[in-house]
Novice: 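The structure follows.
Just so you know, residue 1 is the first one in the sequence shown, and it goes up from there. Order of appearance sets the numbers: ligands from 1, and atoms from 1 within every ligand. Since this is a predicted model, take the numbers as computed values, not measurements.
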Amino acid sequence: MPSPIVIVSDALPGETLAVLKSACDVRHLDGRDRKALFAALTDADALIVRSGTRVDAEVLDRAPRLRVVGRAGVGLDNVDTITAAARGIAVVNAPGSNTVSVAELTVGLIVASARHITAAARSLEDGQWRRSEFAGVELAGRTLGIVGYGRVGRQVARRMAAFDMRVLAHDPYADIADADVHATGLDELLATSDVVTLHLPRTPGTAGLIGARELSLMKSTAYLVNTARGGIVDESALTRALREGRPAGAALDVFATEPPGSSPLLALPNVVALPHLGASTHDAQLRAGREVAGKVLAELAPLLSPSPTAV
Ligand SMILES: NC(=O)c1ccc[n+]([C@@H]2O[C@H](COP(=O)([O-])OP(=O)(O)OC[C@H]3O[C@@H](n4cnc5c(N)ncnc54)[C@H](O)[C@@H]3O)[C@@H](O)[C@H]2O)c1
Ligand SMILES: O=C(O)CC[C@@H](O)C(=O)O
């Protein structure tokens, strides 16, 4: 029996690739090259992606043999799960694999915002020594508002409570029962928080959730941190709001379109911007790779002989 063909269209750890290669014919390409992706999918049994490959209906149309799409990470907003389900294609991901990494990056961005770390570092690199301009605020005693109290939101709450912040959380679907975390409505959270941090998925229901009205509710001294998904925030409204100084600044790991090209957000002095690094630790990538490889091989089991290397 020929080995199943697995297309890997984003970077995966060597260990994951080795596991897959022990049982499958693994082919690499850059998933942003749609032409190459379409060509490779004609005889593919599995496709493994991260956030860089858009797996829409057009992609699935080109893959008549596809049994499984593996997402080496959490967010499934780049995969058309409805079309996949309609065609009997399994979609598997690795929830929880990168929770700690995203929470730790979020802590970094909160501290960087309160203390102007990136702007001050850039200024010194430019040969300047402007101490008073970069005076920040303490986080202790101030209020953190968490929108989306799932895996990452809860880990951020724990870590920032250790900074002695008062923690609010808004999540219509979660049980917010942790001591020291106060459940609130979204408007109240926006109006009372000194830092607002987003940890919810991008779905048709959450796209543009934070728009001009919501931003206008925030304090002029507050910071917005987004390590969730770009499309949750209306970027045009955010650009206008930041130019007007309400909120005071934003730290963004994610953008509506990635890479964000010439987005005006990148040119604003009160923006800290990162190239979607939340899950980019060796630890998280290894966990995500192991989990997704195991799930993909399980879906391919009927095509495998002899049985795959255990993962
Ligand atoms: N920057 C990165 O590299 C990176 C890495 C991992 C995850 N993420 C993003 O972070 C998101 C959260 O990850 P997670 O593992 O915590 O997911 P999760 O599913 O554990 O938590 C998401 C929470 O959002 C809540 N939610 C849904 N709609 C909401 C709404 N309208 N208002 C408030 N809350 C709402 C859900 O009830 C859930 O509790 C993912 O969906 C993904 O998009 C980003
Ligand atoms: O694939 C990535 O590198 C980022 C993934 C991350 O955003 C996720 O949703 O797990």
Novice: Please state which option from P172, G150, P201 has its nearest heavy atom closest to atom 24 (O) of ligand 1.
Specialist: P201

Novice: For T106 and T227, does a side-chain donor sit closer than 3.5 Å to a side-chain acceptor?
Specialist: yes

Novice: For ligand 1, which atoms have a heavy atom of V102 less than 4.0 angstrom away?
Specialist: 4 (C), 5 (C), 6 (C)

Novice: Does an N or O anywhere in D171 fall below 3.5 Å from an N or O of ligand 1?
Specialist: yes

Novice: Could you say whether the N/O atoms of T99 and ligand 1 ever approach to under 3.5 Å?
Specialist: no

Novice: Looking only at protein heavy atoms, which one is nearest to atom 11 (C) of ligand 1, and how far off is it?
Specialist: L200 O, 3.8 Å

Novice: Quick one: do R54 and D77 make a salt bridge, cutoff under 4.0 Å?
Specialist: no

Novice: Can any side-chain N or O of N98 pair as donor or acceptor with the backbone N or O of A284 at less than 3.5 Å?
Specialist: no

Novice: Could you list which atoms of ligand 2 come closer than 4.0 Å to a heavy atom of G73?
Specialist: 10 (O)

Novice: As an exercise, identify every atom of ligand 1 less than 4.0 angstrom from a heavy atom of Y149.
Specialist: 39 (O)

Novice: Name the closest protein heavy atom to atom 40 (C) of ligand 1, giving the residue it belongs to and the distance to 0.1 Å.
Specialist: V74 CG1, 4.2 Å

Novice: Quick one: nearest non-hydrogen protein atom to atom 16 (O) of ligand 1, plus distance?
Specialist: V152 N, 2.8 Å

Novice: Can you list the ligand 2 atoms lying under 4.0 Å from a non-hydrogen atom of G75?
Specialist: 8 (C), 9 (O), 10 (O)

Novice: Distance alone, cut at 3.5 Å: any donor-acceptor contact between the side chains of R151 and Q155?
Specialist: no

Novice: With respect to G75, determine whether any N or O atom, backbone or side chain, lies less than 3.5 Å from an N or O atom of ligand 1.
Specialist: no

Novice: Report the C-alpha separation of V196 and L190 in whole Å, then their side-chain angles, then the decisive distance to 0.1 Å, and conclude whether the side chain to side chain contact (heavy atoms under 4.5 Å, CB included) test is met.
Specialist: CA-CA 7 Å; V196 173; L190 292 167; 4.0 Å; yes

Novice: What protein heavy atom is closest to atom 6 (C) of ligand 1, reported as residue, atom name and distance in Å?
Specialist: N98 OD1, 3.2 Å

Novice: In the protein, what heavy atom is nearest to atom 5 (C) of ligand 2, and what distance, to one decimal place, separates them?
Specialist: R71 NH2, 3.2 Å

Novice: Would you mind checking which non-hydrogen protein atom is closest to atom 4 (C) of ligand 2, with the distance to 0.1 Å?
Specialist: H276 NE2, 3.5 Å

Novice: Please could you name the atoms of ligand 2 that N98 approaches to less than 4.0 Å, counting only its heavy atoms?
Specialist: 8 (C), 10 (O)

Novice: N/O to N/O below 3.5 Å, does that happen between H276 and ligand 1?
Specialist: yes

Novice: L209 versus ligand 1: do any nitrogen or oxygen atoms come within less than 3.5 Å of each other?
Specialist: no

Novice: Should the pair D56-R34 be classified as a salt bridge under the 4.0 Å nitrogen-to-oxygen rule?
Specialist: yes

Novice: Step by step, work out the side chain to side chain contact (heavy atoms under 4.5 Å, CB included) result for T83 and I89.
Specialist: CA-CA 8 Å; T83 301; I89 299 168; over 6 Å; no

Novice: Please state which option from H199, R151, Q155 has its nearest heavy atom closest to atom 15 (O) of ligand 1.
Specialist: R151

Novice: Just checking R32: does its CZ atom have more than 12 heavy atoms from other residues, nucleotides or ligands closer to it than 6.0 angstrom?
Specialist: no

Novice: Could you list the atoms of ligand 2 found under 4.0 angstrom from a heavy atom of R229?
Specialist: 6 (C), 7 (O), 8 (C), 9 (O)

Novice: Donor-acceptor check, side chain of N270 to backbone of A250, threshold 3.5 angstrom: yes or no?
Specialist: no

Novice: For atom 3 (O) of ligand 1, grab the closest protein heavy atom and report residue, atom and distance to one decimal in Å.
Specialist: A279 N, 3.1 Å

Novice: Under 4.0 Å from any heavy atom of V74, which atoms of ligand 2 are there?
Specialist: 8 (C), 9 (O), 10 (O)

Novice: Assess whether a salt bridge exists between K295 and E291, defined as any Lys/Arg side-chain N lying under 4.0 Å from an Asp/Glu carboxylate O.
Specialist: yes

Novice: Quick one: nearest non-hydrogen protein atom to atom 31 (N) of ligand 1, plus distance?
Specialist: T206 CG2, 3.7 Å

Novice: Just going by heavy-atom distances, which of R154, R50, H170, R229 is nearest to atom 42 (C) of ligand 1?
Specialist: R229

Novice: May I ask you to check if ligand 1 and Y173 share an N or O to N or O distance below 3.5 Å?
Specialist: no

Novice: Look at R67 together with D45 and state whether they make a salt bridge at an N to O cut-off of under 4.0 Å.
Specialist: no

Novice: Could an N or O of ligand 1 be found under 3.5 Å from any N or O of R202, whether backbone or side chain?
Specialist: no

Novice: Fit a plane to each ring of Y223 and H116, take the angle between them on a 0 to 90° scale, and name the class: parallel (under 30°), tilted (30 to 60°) or perpendicular (over 60°).
Specialist: perpendicular

Novice: Starting from atom 10 (O) of ligand 1, which protein heavy atom do you reach first, and at what distance in Å?
Specialist: A228 CA, 3.8 Å

Novice: Considering only the protein, which heavy-atom contact is closest to atom 3 (O) of ligand 2, and what is its distance?
Specialist: R50 NH2, 2.5 Å

Novice: For R142, is there an ion pair with D164 - N to carboxylate O distance below 4.0 angstrom?
Specialist: no

Novice: Counting non-hydrogen protein atoms only, what is the nearest one to atom 34 (N) of ligand 1? Give residue, atom name and distance.
Specialist: G148 CA, 3.4 Å

Novice: Can you list the atoms of ligand 1 that are under 4.0 Å from a heavy atom of T227?
Specialist: 1 (N), 2 (C), 4 (C), 8 (N), 44 (C)

Novice: Can a side-chain donor-acceptor contact be found between D175 and Y149 if the only test is distance below 3.5 angstrom?
Specialist: no

Novice: Using the side chain to side chain contact (heavy atoms under 4.5 Å, CB included) rule, take D80 and I82 through it: C-alpha gap first, then chi angles, then the decisive distance, then the call.
Specialist: CA-CA 6 Å; D80 182 345; I82 295 171; 3.8 Å; yes

Novice: Using the rule given for side chain to side chain contact (heavy atoms under 4.5 Å, CB included), can you reason through T53 versus V79, listing the C-alpha separation, both sets of side-chain angles and the distance that settles it, and then say yes or no?
Specialist: CA-CA 8 Å; T53 304; V79 180; over 6 Å; no

Novice: Quick test of your reading of the model: are D25 and R27 salt-bridged, counting only N-O distances below 4.0 Å?
Specialist: yes

